[in-house]
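All remarks here apply to the structure that follows.
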Number of protein chains: 2
Amino acid sequence: MSSDRVNRRDLILSVASELFRERGYDATSVREIADAVGVTEAALYYHFKGGKRELLEAVFECEMPDFKRVIETCADKETFAELTACLLRQFKETGRETMERFRWFLSEFANLNPDERRIFQQRHVEFQKNLAALLEQFVDDPRDARFLALGIMSLFIGYGQIFWALDLESVVDVQPEDVIGTIIKYMKL
Amino acid sequence: MSSDRVNRRDLILSVASELFRERGYDATSVREIADAVGVTEAALYYHFKGGKRELLEAVFECEMPDFKRVIETCADKETFAELTACLLRQFKETGRETMERFRWFLSEFANLNPDERRIFQQRHVEFQKNLAALLEQFVDDPRDARFLALGIMSLFIGYGQIFWALDLESVVDVQPEDVIGTIIKYMKL
DNA sequence: GTCTATAGGCCGATAGAC
DNA sequence: GTCTATCGGCCTATAGAC
């Protein structure tokens with residue numbers, strides 16, 4: 001069937017994506033990917049003529065974290081407390097997956113070429129700008145709004161890397177709202 | 001000379017450590033390490049009978065981040081502002097290297113066995129407890145002190161991963177004192 | 001302790017039949 | 001499009017001479 005054919009490439013991509021994230025690019029062989037999909041290496045090379053490296057590029061593209069939805073969901077809040085509560089809620093719902101991707105991009109950063117790095121960096125700059133725009137409602141100095149946006153971003157990502165990627169949650173028994181929430185509780189805004 | 005002989009093992013270790021951090025464990029071959037040291041593979045296997053895996057274990061041990069010095073340096077501060085300023089100063093001085101190691105441990109987490117993971121996690125729990133103890137001077141609720149310690153840790157590590165490991169500093173042009181300092185500026189402590 | 005030589009395996013990639 | 005078969009190369013690791 002035609003749809004089977006069309007989907008075959010996507011299937012390879014999603015399997016490769018999972019294995020790359022699980023074991024890392026260098027530790028994953030084309031053989032393993034082909035086996036997991038249930039095709040031969042030769043078939044895989046038919047779909048990805050650029051070989052393993054093209055596979056990586058395709059995974060980069062489709063696994064790139066996207067923060068647009070987070071900003072959109074929290075755009076209409078009228079107080080700082082409501083805004084941060086909304087961000088925290090989003091983080092608890094979808095942050096785990098985003099943080100796993102972030103960890104992978106970070107660990108594979110050495111395998112990216114300058115262009116690919118730029119794209120990933122640009123995503124974060126974009127998020128920072130959007131968040132800063134939201135914060136300007138509650139902060140007089142736009143410079144402060146920008147720095148606060150970066151700080152909040154650091155706080156969330158720091159939590160994600162320590163407690164989820166490093167699995168410290170299994171040792172310490174805290175929740176995002178405890179750690180991030182307490183910092184925010186002490187902020188005069 | 002005897003000292004040459006004693007140091008040979010350490011030399012291999014430091015070269016391996018650098019290559020592992022630069023390219024990752026899986027992407028670094030024993031051949032490359034031996035070449036970089038200037039010995040043959042066979043000589044390397046004489047010093048590390050457990051092969052590549054033993055090399056990794058040894059690197060884990062000697063590259064493990066240690067926060068003791070940070071806590072000691074900032075232990076005598078009398079206000080929250082002084083304490084955070086001291087932490088920020090330490091971070092600017094030695095944080096870059098610590099954060100590079102953190103990034104590496106994070107990216108190689110899948111290659112660690114449960115025991116090794118525990119040791120790394122334990123280091124962070126220890127730091128958190130020490131920092132919480134310092135914060136109890138300025139915060140009434142010990143529970144809040146603990147959560148604030150975790151939050152501050154998240155903030156610093158988040159900054160390090162985003163702006164240094166991801167090299168966002170080259171795109172955004174901020175400094176740790178801008179981002180972390182602004183968050184702290186808005187805290188009522 | 002360090003070397004040379006080599007075993008044995010998995011790697012990425014391709015040719016050519018169907 | 002998918003297969004079988006295969007190539008040359010690099011990998012980890014070891015045996016044995018010096």
Side-chain angles (χ1 to χ4, degrees), chain A residues 1-63 104 107-108 110-113 116, chain B residues 1-61 104 107-108 110-113 116:
Chain A
M1 258 175 267
S2 169
S3 69
D4 277 13
R5 268 183 234 132
V6 171
N7 287 337
R8 186 58 56 97
R9 195 180 190 273
D10 291 343
L11 178 63
I12 294 170
L13 207 53
S14 79
V15 167
S17 169
E18 207 183 313
L19 287 174
F20 283 165
R21 267 187 295 162
E22 227 167 77
R23 309 204 233 258
Y25 175 72
D26 295 304
T28 306
S29 71
V30 176
R31 210 103 79 188
E32 283 175 308
I33 297 166
D35 285 352
V37 174
V39 292
T40 59
E41 286 174 81
L44 198 148
Y45 276 96
Y46 170 83
H47 291 286
F48 295 88
K49 306 241 192 286
K52 196 185 178 185
R53 172 71 212 192
E54 190 193 330
L55 220 37
L56 180 64
E57 280 159 23
V59 170
F60 276 143
E61 214 168 300
C62 73
E63 291 295 306
W104 181 72
S107 72
E108 228 69 81
N111 282 326
L112 274 68
N113 66 42
E116 290 162 340
Chain B
M1 257 177 266
S2 168
S3 70
D4 276 14
R5 266 182 237 133
V6 172
N7 286 337
R8 186 58 57 97
R9 195 179 190 274
D10 290 344
L11 178 64
I12 293 169
L13 207 53
S14 80
V15 167
S17 168
E18 207 182 314
L19 287 174
F20 283 166
R21 266 186 296 161
E22 227 167 78
R23 309 205 232 260
Y25 175 74
D26 295 305
T28 306
S29 71
V30 177
R31 207 106 80 189
E32 282 174 309
I33 297 166
D35 286 351
V37 174
V39 293
T40 60
E41 287 173 80
L44 199 148
Y45 276 96
Y46 170 82
H47 291 285
F48 294 88
K49 307 241 192 283
K52 197 186 178 185
R53 174 68 213 194
E54 190 191 331
L55 222 37
L56 181 64
E57 279 160 24
V59 169
F60 275 143
E61 215 169 299
W104 182 71
S107 71
E108 228 70 78
N111 283 326
L112 274 68
N113 65 42
E116 292 162 340

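Just so we're clear, the structure is a prediction, and the values are computed from it rather than from any experiment.
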**Asked** Taking all non-hydrogen atoms of both residues, which atom of A/Asn111 and which atom of A/Leu56 are closest, and how far apart?
**Response**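 Minimum heavy-atom separation between A/Asn111 and A/Leu56: CB-CD2, 4.2 Å.
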**Prompt:** When you measure from the centre of the six-membered ring of A/Tyr45, is the NZ or CZ of A/Lys49 under 6.0 Å away and within 45° of the axis?
**Reply:**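 No - A/Lys49 does not lie over the ring of A/Tyr45 by the 6.0 Å and 45° rule.
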**Asked** Under the side-chain hydrogen bond (donor to acceptor under 3.5 Å, both in side chains) test, which residues partner B/Glu22, sequence neighbours left out?
**Response**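 In terms of side-chain hydrogen bond (donor to acceptor under 3.5 Å, both in side chains), with neighbours along the sequence ignored, B/Glu22 is linked to no residue.
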**Item:** Which residue lies more 5' along DNA chain D, comparing B/Thr28 with A/Tyr46 via nearest heavy atoms
**Value:**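 Counting from the 5' end, the first nearest nucleotide belongs to A/Tyr46.
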**Asked** In degrees rounded to 10°, what angle is found between the helical axes fit to the five outermost pairs at each end of the helix from C/dG1-D/dC18 to C/dC18-D/dG1?
**Response**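 Between the first-five-pair axis and the last-five-pair axis there is 0°.
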[X] [atom1] to [N] [atom2]: how many Å, rounded?
X	N	atom1	atom2	value
B/Leu11	C/dG1	CG	P	15 Å
A/Phe48	D/dG1	CZ	P	13 Å
A/Ile12	D/dG1	CD1	P	12 Å
A/Arg9	D/dT2	CZ	P	13 Å
A/Glu54	C/dA13	CD	P	11 Å
B/Leu56	D/dC11	CG	C1'	17 Å
A/Asn111	C/dG12	CG	P	13 Å
A/Asp26	D/dT12	CG	P	12 Å

**Request:** Assign A/Ser29 to base, sugar-phosphate, or nothing according to its heavy-atom contacts below 4.0 angstrom with the strands shown.
**Result:**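 Since only primed, P, OP1 and OP2 atoms lie under 4.0 Å of A/Ser29, the category is sugar-phosphate.
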**Request:** With sequence neighbours left out, write down each residue that passes side-chain contact (heavy atoms from CB on, under 4.5 Å) with A/Ala43, or none if nothing qualifies.
**Result:**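 For A/Ala43, the residues satisfying side-chain contact (heavy atoms from CB on, under 4.5 Å) (neighbours in sequence not counted) are A/Val39, A/Thr40.
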**Item:** Partner residues of B/Glu57 under the side-chain contact (heavy atoms from CB on, under 4.5 Å) criterion, sequence neighbours left out
**Value:**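 Listed in chain order: B/Arg53, B/Glu116.
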Can I get a per-line list of side-chain donor-acceptor pairs under 3.5 Å for residues 24-35 of chain B, giving both atom names and the distance, sequence neighbours left out?
{"unit_1": "B/Thr28", "atom_1": "OG1", "unit_2": "B/Leu19", "atom_2": "O", "d": "3.4"}
{"unit_1": "B/Thr28", "atom_1": "OG1", "unit_2": "B/Gly24", "atom_2": "O", "d": "2.7"}
{"unit_1": "B/Ser29", "atom_1": "OG", "unit_2": "B/Glu32", "atom_2": "N", "d": "3.1"}
{"unit_1": "B/Arg31", "atom_1": "NH1", "unit_2": "B/Glu41", "atom_2": "OE2", "d": "3.0"}
{"unit_1": "B/Glu32", "atom_1": "OE1", "unit_2": "B/Ser29", "atom_2": "N", "d": "2.9"}
{"unit_1": "B/Glu32", "atom_1": "OE2", "unit_2": "B/Arg23", "atom_2": "NH2", "d": "3.4"}

**Value rounded to 0.5 Å, distance of CD in A/Glu54 from NE2 in A/His47** =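 Between atom CD of A/Glu54 and atom NE2 of A/His47 there are 11.5 Å.
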**Request:** Answer yes or no: does a side-chain N or O of A/Thr40 lie under 4.0 Å from OP1 or OP2 of D/dC3?
**Result:**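 For D/dC3, OP1 or OP2 has a side-chain N or O of A/Thr40 closer than 4.0 Å.
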**Prompt:** Are the side chains of B/Trp104 and B/Ser107 in touch, meaning some heavy atoms are under 4.5 Å apart?
**Reply:**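 When only atoms from C-beta onward are counted, B/Ser107 and B/Trp104 do touch, with a gap below 4.5 Å.
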**Non-hydrogen side-chain atoms of B/Glu18 and B/Ser14 separated by less than 4.5 Å** =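 A side-chain contact under 4.5 Å is absent here.
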**Request:** Could you encode protein contacts along nucleotides 13-18 of chain D as a string, one character per nucleotide from 5' to 3', using B for base contact, S for sugar-phosphate-only contact and - for no contact, with a heavy-atom cut-off of under 4.0 Å?
**Result:** BBB---
